[in-house]
Amino acid sequence: MAKVKGTIVVDIEKCKGCEICISACPTSVISMSVEVNGKGYPYAYLNDPDGCTGCSNCAIVCPDGVITVYRKKIG
Amino acid sequence: MAEKVVNIEMINPENLVYQKTKVLNDNVMHYCPGCGHGTAHRIIAEVIEEMDIQSEIIGIAPVGCSVLMYNYFNVDMQEAAHGRAPAVATAVKRLWPDKFVFTYQGDGDLAAIGTAETIHACNRGENITMFFINNGIYGMTGGQMAPTTLEGMRSSTSPYGRDISMMGNPLKMTELVAQLPGTCYVTRQAVHTPSNVRKTKKAVRKALEYQQKNMGTSFIEIVSNCNSGWKMAPVESNNWMVENMFPFFPLGDIKVPDEE
């Protein structure tokens, strides 16, 4: 079976740190940063690059649409 | 910031599976973190992009938290007086019957001050699509009790919880308009989980397709959270919504056209 690997890019300055993407992620690979962005919000980031499958669940529940998803077949 | 970007070699256009739609512009939305308005905006914009009707659609903005929604959509928008979006939409649709027309209103706008306009537009069967964001509270003005506030729910004007004997019963607008002959498609959805977002997007698409076929008013209620008004964290408010709002406002289609 071909494996798929994904990654996300978060628009850090637009993220408001609501954490809804964290509860939507089936593989629990998104975390909140310790540092904050220009507006003072912590922002989402991918903490485990190998765990992301590129399912886009985080992106479709993001209220501010800050997540862009990439996905690639491997092997 | 660069250390947070991972799998750089994958980031190229051929691997792109999801990005924010171009029907929404790059302005940062003024909504509170975790507010369902942003998701609802994005779903509507995505459907507009998929149906390729960006130049054919006219939106009517309400008064409420989403009063500035015309700042975020790259489509023609008209602001309406408080509660009067269905009346403005009626005029726009009658002048331009070939255009798509939608209204987007909250519960303070649609279910309180605009009840008459809503019910009569639905009863006349105006060929428009109405989006109703129900969070059970007046969000913009500071969390006052709305017609849709649940029994026992705290708000800034019902600090001990809504008392039915004194403040009346919560209003189910969606069930109310479903019995009117002018409506063709009435449904209640939510946007707090990926599966609900996908279902809501299908409902939005259906509603606009029914409008294309001149079938009457389509009405989509989206049960949403108001974490600032409810005084909760975003994820906590979504859980509260599932536990308390959904038993009273059950999700699902209430009225679907006969042809299906």
Side-chain angles (χ1 to χ4, degrees), chain A residues 4-27 29-74, chain B residues 1-43 45-46 72 190-201 224-225 227-228 232-239:
Chain A
V4 286
K5 209 175 156 187
T7 192
I8 60 169
V9 177
V10 179
D11 188 341
I12 288 170
E13 285 305 314
K14 285 186 183 167
C15 180
K16 294 175 184 163
C18 67
E19 304 186 7
I20 287 179
C21 52
I22 294 180
S23 58
C25 180
T27 52
V29 293
I30 305 177
S31 299
M32 280 294 140
S33 65
V34 178
E35 58 266 46
V36 294
N37 64 15
K39 282 187 292 195
Y41 292 120
Y43 49 87
Y45 74 100
L46 189 60
N47 68 4
D48 177 9
D50 298 325
C52 180
T53 60
C55 68
S56 5
N57 275 4
C58 52
I60 68 168
V61 293
C62 176
D64 294 280
V66 303
I67 302 177
T68 307
V69 184
Y70 296 87
R71 187 180 217 182
K72 193 179 181 182
K73 270 187 189 166
I74 292 173
Chain B
M1 299 293 176
E3 72 276 8
K4 300 286 186 201
V5 180
V6 287
N7 292 348
I8 288 176
E9 75 282 359
M10 284 180 62
I11 299 170
N12 61 54
E14 68 187 47
N15 295 331
L16 183 71
V17 286
Y18 188 92
Q19 69 173 347
K20 188 175 160 185
T21 167
K22 295 280 179 264
V23 177
L24 290 178
N25 58 29
D26 288 335
N27 291 342
V28 179
M29 294 192 188
H30 69 280
Y31 303 119
C32 306
C35 177
H37 270 307
T39 319
H41 280 17
R42 194 163 42 74
I43 293 169
E46 282 173 8
Y72 310 129
V191 289
H192 65 298
T193 64
S195 65
N196 284 97
V197 171
R198 290 192 173 98
K199 282 182 199 161
T200 309
K201 196 170 160 185
S224 176
N225 59 352
N227 44 67
S228 298
M232 293 175 193
V235 175
E236 186 191 354
S237 72
N238 277 343
N239 294 337

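The sequence lines fix the lettering, A, B, ..., with proteins before strands; numbering per chain opens at 1. Quantities reported herein were computed from a predicted structural model and do not represent experimental measurements.
- Atom CD of Q19(B) sits about 7.0 Å away from atom OH of Y70(A), to the nearest 0.5 Å.
- K16(A) has its side chain within reach of M29(B): a pair of non-hydrogen atoms, C-beta onward, lies under 4.5 Å apart.
- Atom NZ of K22(B) has 12 or fewer neighbouring heavy atoms from other residues, nucleotides or ligands inside a 6.0 Å radius.
- Options V197(B), L16(B), D26(B), V28(B) differ in how many heavy-atom pairs under 4.5 Å they form with chain A, and the most are formed by L16(B).
- With rounding to the nearest 0.5 angstrom, the CD1 atom of I20(A) is 6.5 Å from the OG atom of S237(B).
- A heavy-atom distance below 4.5 Å is not found between the side chains of N12(B) and K72(A).
- Between chain A and the options P234(B), A233(B), P194(B), S195(B), the largest number of non-hydrogen pairs under 4.5 Å is found for P194(B).
- The structure places SG of C18(A) at 15.0 Å from OH of Y31(B), a figure rounded to the nearest 0.5 Å.
- When all heavy atoms of V17(B) and S56(A) are compared, the closest pair comes out as CG2-OG, 4.3 Å.
- Atom NE2 of residue H37(B) and atom CG of residue D64(A) lie 12.5 Å apart, to the nearest 0.5 angstrom.
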Step by step, work out the side-chain contact (heavy atoms from CB on, under 4.5 Å) result for K14(A) and N27(B). CA-CA 9 Å; K14(A) 285 186 183 167; N27(B) 291 342; over 6 Å; no
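- Contact annotation for C55(A): only backbone heavy atoms (N, CA, C, O) come within less than 4.5 Å of a heavy atom of chain B.
- Among the candidates N47(A), V61(A), I22(A), T68(A), the residue making the largest number of heavy-atom pairs closer than 4.5 Å to chain B is V61(A).
- The candidate with the highest count of non-hydrogen atom pairs below 4.5 Å against chain B, out of I67(A), I60(A), D11(A), V66(A), is I60(A).
- With a 4.5 Å cut-off on side-chain heavy atoms, P33(B) and Y41(A) count as touching.
- Side-chain atoms of R71(A) never come within 3.5 Å of backbone atoms of M10(B) as a donor-acceptor pair (strictly under, hydrogens ignored).
- The CZ atom of R42(B) sits 6.5 Å away from the SG atom of C62(A) when rounded to the nearest 0.5 Å.
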